[in-house]
Amino acid sequence: METIRRQLAPLIVGRQVIDADAHPSAKFATGVEAAGAAILAVERRGKYLLIQLDDDRELVIHLGMTGRLQIRGSATAPDPYVRAWWDLGGERLELHDVRRFGRVAVVDRSDHSSMPTLAALGPEPFDPAFTGAHLWAALRASRARVKTQLLSQRPVAGVGNIYADEALWRAGVHPERRTLGRAGAGALRDEIIQVLATAIDRGGTTLRDYRTVEGATGTNQLHLECYGRAGEPCLRCGGTLSRLVVDGRGTTVCRTCQPLRGRVDTRQVN
DNA sequence: CGCAGCGCCTGAAGGC
DNA sequence: TGCCTTCAGGCGCTGC
């Protein structure tokens, strides 16, 4: 999402939404309410894009799993998978989303009450407030599994299934642990930052549908160390990575490097 | 209230 | 070859 925000901002800031249309589903329909407003800025919180409008409202876009943002000429007809579009005069910003897991909303600025996950979002991973102590305290406040907590977006914003598996593996933390000591939480915090920073440098992770605004793929999928490698060797110990289902998500884990019980061995962090 | 489980969607991939 | 089943999963909602 950060790579998309960076590409999109220079293309749409300062332009006016002269027309809009959307799929009738409640997930997309309010997108049309942005019509008439001008775009002041393109911000991001976690996986949510926040497009600031000049009338004290914001257009919130979440891509779900299969969503893409693309810019096409206004004269071309939107294809059937375009769930919402905003005509900027000559060019049209389109939300292309095959599975309709994405979401669009036009709300009063910073009024996120209609989106509970956004309203309760944790700190940005690169914010100085996201410290090991913060993650330790956040994890301690819940009895849910560590991976479930990360996916909830509450301890820290923006960690999805792929990056959760990568960070947990690098930190030597089993995804089904329910508690972490200070050292384990500190290691996990460091690895979350490392994994996200590296992925952004590589333009994002393209596994299925992800594309940049220009339609290009990222390259981080070529460097994944854990996610999707079940049955293949652990790059640290050489053992075989296992597949579990945690919180309904496919999860890859090294049962040796990520023990379910005992202290987290922070010495193994790369 | 917190947590677990389910439903939303549809193309791709695998099985027979 | 073609039909059928299974799988992928971010988030919101529901119910215990």
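Just so we're on the same page: letters track the sequence lines, and every chain starts at 1. Treat the numbers as computed from the prediction; the structure is a model and nothing was measured.
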* Report yes if at least one side-chain N or O of A:Tyr227 is closer than 4.0 Å to OP1 or OP2 of C:dG9; otherwise report no. => yes
* Are A:Arg109 and A:Asp56 within salt-bridge range, i.e. N to O under 4.0 Å? -> yes
* Return no unless some side-chain N or O of A:Arg143 is found under 4.0 Å from OP1 or OP2 of B:dA4. => no
* **Separation of atom NE2 in A:His96 from atom C1' in B:dT10, rounded to whole Å** => 12 Å
* Base, sugar-phosphate, or nothing: which does A:Gly248 touch, judged by heavy atoms less than 4.0 Å apart? -> nothing
* A:Arg83 side chain N/O closer than 4.0 Å to the phosphate oxygens (OP1, OP2) of B:dC8? -> no
* To do: For A:Glu176 and B:dA4, give me the distance from atom CD to atom P, rounded to whole Å.
  => 11 Å
* Would you call A:Arg170 and A:Asp190 a salt bridge, using N to O less than 4.0 angstrom? -> no
* Asked: Within this structure, what is the OH-to-C1' distance between A:Tyr81 and B:dC9, rounded to whole angstrom?
  -> 11 Å
* Is any side-chain N of the basic residue among A:Glu225 and A:Arg229 closer than 4.0 Å to the acidic one's carboxylate O? -> no
* In whole Å, what is the span from the CG atom of A:Asp97 to the P atom of B:dC8? -> 16 Å
* Does the distance from a Lys or Arg side-chain N to an Asp or Glu carboxylate O, for A:Arg44 and A:Glu2, drop under 4.0 Å? -> yes
* Is a donor on one side and an acceptor on the other found under 3.5 Å between the side chain of A:Arg100 and the backbone of A:Lys27? -> no
* Asked: What one-letter contact string describes nucleotides 10-15 of chain C from 5' to 3', where B marks a base within less than 4.0 Å of any protein heavy atom, S marks contact via sugar-phosphate atoms alone, and - marks no contact?
  -> BBS---
* Can you tell me how far P of B:dC8 sits from CZ of A:Phe28, to the nearest Å? -> 15 Å
* Intermediate values then yes/no, side-chain hydrogen bond (donor to acceptor under 3.5 Å, both in side chains), A:Glu58 and A:His112 -> CA-CA 10 Å; A:Glu58 63 188 18; A:His112 300 151; 2.4 Å; yes
